[in-house]
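Here is the naming used below: chain letters follow the sequence lines, and residue numbers restart at 1 for every chain. Values below: all heavy atoms of this structure, side chains included; hydrogens, waters and symmetry mates excluded.
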Amino acid sequence: MEVDYSGDIMTLNMGPQHPSTHGVLRLELKTDGEIVADAVPHIGYLHRCFEKHVENVDYAGVVPFTDRMDYCAAMNMELGYVLTVEKLMGIEVNNRVRCLRIIMAELSRIASHLIAAGTYGNDIGSFTPFLWCFRDRETILDFFEETSGARLLYNYNWIGGLMHDIKPGLEEKIIEFIDYFEPEVDNLNRLLSDNFIFIKRTAGVGILSPEQAVSYGVTGPNLRGSGVKFDVRREEPYLGYEDYEFDIPVGLGEHGPVGSCWDRYMVRIREVKESCKIVRQAVARLTPGDVREAVPKRIKPPAGEVYMRTECPRGELGYLLVSDGSLKPYRLKVKSPCFTVMSAFREVSRGAMIADVVSILGSFDIVLGEIDR
Amino acid sequence: MLTYFRNIGQGIMTIVSSMAIAGRHLFTPSVTLQYPKEKWLLPERSRMRLMNKIEDCIGCGQCARSCPTECILVKTEKRGKEEAPVFASDGTAKKLRTYVFDIDMALCCYCGLCTFACPTQCLIMTGEYEYSVYDKDEHIYHFAAEKPLTVAGESRQNPPEG
Ligand code: SF4
Ligand code: SF4
């Protein structure tokens with residue numbers, strides 16, 4: 001006798017106020033017992049009309065709004081935008097600005113990956129790494145605050161330069177921090193990454209195969225976690241990244257198949273170390289100079305269209321800017337890395353356990369501010 | 001069955017080793033600040049509440065034009081020819097009488113763009129951060145000190161509406 005069990009599908013809403021969704025995201029889970037038959041993400045709870053709104057703001061005024069897209073890595077968001085406008089206007093910045101931008105961007109990447117690792121540990125059920133990560137992130141935020149005056153939303157990268165030069169002596173403090181921080185990463189590895197329980201919860205879960213990742217247009221650590229070696233800093237260097245020595249870590253699949261949650265998590269931890277290397281090199285290359293040398297009096301780009309992509313901590317961030325030659329952008333389209341990875345979420349989580357959905361979502365390291373804009 | 005017990009054993013071992021790493025922190029001093037009593041020393045570039053030294057403001061409205069959230073309202077009128085000239089402390093003639101200079105700190109996004117636009121550096125961001133109020137309207141700070149002489153209809157408003 002055959003029994004048809006397929007009617008027992010229950011709809012379960014996860015979110016929008018769920019602690020593991022890192023923002024306001026609603027997941028509509030169709031559950032078959034413990035197994036997730038389908039997971040539909042509903043986004044838009046944090047929509048602030050960014051793209052439409054910036055059409056009414058002048059070019060310099062857009063920078064504070066880009067900060068608010070990915071508030072965990074605001075430096076990288078600004079950087080992408082100012083590089084786009086500079087590309088359209090043909091502004092060349094001097095070496096000091098380039099090095100400082102790289103230092104800030106990489107420090108911001110470290111801070112952002114620390115949040116990712118910390119909150120991921122928290123999602124899985126260990127609270128200590130979260131506090132450790134935030135402790136080290138705090139030091140980085142102190143550097144940013146000392147330089148730009150704000151802790152989270154900096155408005156530090158300007159079109160054609162930077163808001164302020166760094167305070168004298170900050171280079172040494174940054175190097176001191178990197179010296180202290182690199183061994184701390186190994187501590188974090190011993191505490192969390194190599195933890196047997198953590199590996200059991202993440203390895204072999206939420207496998208995103210390289211083919212799937214590429215076909216969904218997933219970028220950044222999520223793509224590299226699937227073993228695809230692609231980094232915009234290498235493929236299409238900007239700010240002189242081609243002169244820096246750093247590796248691009250990829251998921252190796254030490255525990256189970258490549259592309260699991262653990263691989264994606266581990267890529268971030270390894271990237272933090274690479275960022276440390278870049279910061280060291282950038283500090284060594286700092287030359288004196290005026291950081292506001294190339295800031296134009298009036299920002300009025302010629303009419304035209306430009307696309308620029310940068311590697312932000314969560315993946316490839318692209319800006320498409322259309323200018324009609326006026327003082328305000330005609331159109332600004334953002335290609336957000338978290339949005340593309342969210343589209344792959346449905347496929348990855350199909351067939352997973354309910355508890356693993358939290359694990360999968362955390363490993364993607366999404367920021368809702370950037371998905372919804 | 002064997003795997004089951006091995007998993008339990010490894011689970012316990014991993015907790016013990018993690019506790020050993022975390023346990024070192026039992027002996028580090030506490031870093032908690034007892035906030036209202038103790039305060040953090042802010043760096044000098046801190047961007048908190050805006051302050052306008054209205055004596056130095058020439059009413060040019062550059063700040064209002066550069067503000068992305070349009071939270072500054074400047075209303076000025078021309079000073080009459082017969083009036084005694086007034087100067088800002090850096091010697092710039094104040095040709096306009098600023099009779100409204102309101103900043104809505106509830107709208108402000110603390111980007112600091114207005115302070116860089118100001119030609120006389122009279123608009124600054126201070127390190128003051130304890131200014132919560134019960135009513136949102138109390139976040140509108142009025143800086144203007146002078147009263148308009150002409151009727152409001154003849155005055156110029158920055159930024160122009162629309
Ligand atoms: S800090 Fe920014 S948002 Fe606030 S008043 Fe100045 S320009 Fe406007
Ligand atoms: S830019 Fe400065 S001088 Fe001009 S209106 Fe604003 S505060 Fe006054």
Side-chain angles (χ1 to χ4, degrees), chain A residues 53-54 56-68 78 121 126-129 131-132 135 138 142-156 158 163-167 170 184 186-201 292 295 297 299 327-328, chain B residues 3-4 6-26 28-33 40-50 62-72 107-117 119 124-127 129 159 162:
Chain A
H53 187 75
V54 297
N56 298 309
V57 182
D58 59 3
Y59 281 95
V62 176
V63 180
F65 290 110
T66 61
D67 279 343
R68 280 150 181 84
E78 304 169 357
S126 62
F127 193 61
T128 316
L131 292 178
W132 286 24
R135 175 197 61 194
E138 202 62 23
D142 281 344
F143 295 151
F144 290 162
E145 188 183 18
E146 204 182 313
T147 311
S148 73
R151 288 182 80 74
L152 212 54
L153 307 162
Y154 315 104
N155 185 20
Y156 180 63
W158 279 8
M163 183 184 228
H164 289 293
D165 203 342
I166 53 171
K167 285 270 175 71
L170 192 75
E184 275 303 315
D186 302 330
N187 256 341
L188 183 68
N189 278 341
R190 277 191 291 157
L191 188 67
L192 185 64
S193 320
D194 300 336
N195 187 308
F196 182 70
I197 301 168
F198 182 72
I199 292 172
K200 279 272 163 195
R201 281 293 309 274
R292 285 194 223 153
V295 177
K297 277 251 152 48
I299 300 166
L327 289 170
K328 291 169 183 170
Chain B
T3 337
Y4 178 73
R6 197 183 298 133
N7 278 350
I8 292 177
Q10 276 183 316
I12 292 172
M13 278 316 291
T14 199
I15 289 176
V16 169
S17 63
S18 303
M19 288 299 256
I21 304 168
R24 287 180 297 136
H25 283 255
L26 278 178
T28 49
S30 150
V31 291
T32 313
L33 274 185
W40 199 332
L41 207 59
L42 291 172
E44 64 178 281
R45 282 178 190 165
S46 289
R47 304 207 306 257
M48 315 272 162
R49 192 171 73 187
L50 282 162
Q62 290 287 353
C63 48
R65 249 170 263 135
S66 66
C67 176
T69 63
E70 295 174 11
C71 63
I72 307 182
L107 263 186
C108 174
C109 71
Y110 302 88
C111 63
L113 286 172
C114 51
T115 59
F116 289 95
I124 49 170
M125 294 201 106
T126 59
Y129 58 91

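- A donor-acceptor pair under 3.5 Å is absent between the side-chain atoms of A:Ser148 and the main chain of A:Glu145, judged by distance alone.
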Open item on the list: With ring pair (Phe, Tyr, Trp, His ring centres under 6.0 Å) as the criterion, how do A:Tyr154 and A:His164 come out once you've worked through the C-alpha distance, each side chain's angles and the decisive distance to 0.1 Å?
Closed with: CA-CA 11 Å; A:Tyr154 315 104; A:His164 289 293; over 10 Å; no
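- Within 6.0 Å of CG in B:Leu33 there are more than 12 heavy atoms belonging to other residues, nucleotides or ligands.
- Taking CZ of A:Phe198 as the reference point, atom OG1 of B:Thr14 lies at 11.0 Å (rounded to 0.5 Å).
- Heavy atoms closer than 4.5 Å to chain B are found nowhere in A:Asp67, neither backbone nor side chain.
- The contact between A:Leu153 and chain B is made entirely by backbone atoms, counting heavy-atom distances below 4.5 Å.
- For A:Thr147, the parts lying near chain B are the backbone and the side chain together; criterion is any non-hydrogen pair under 4.5 Å.
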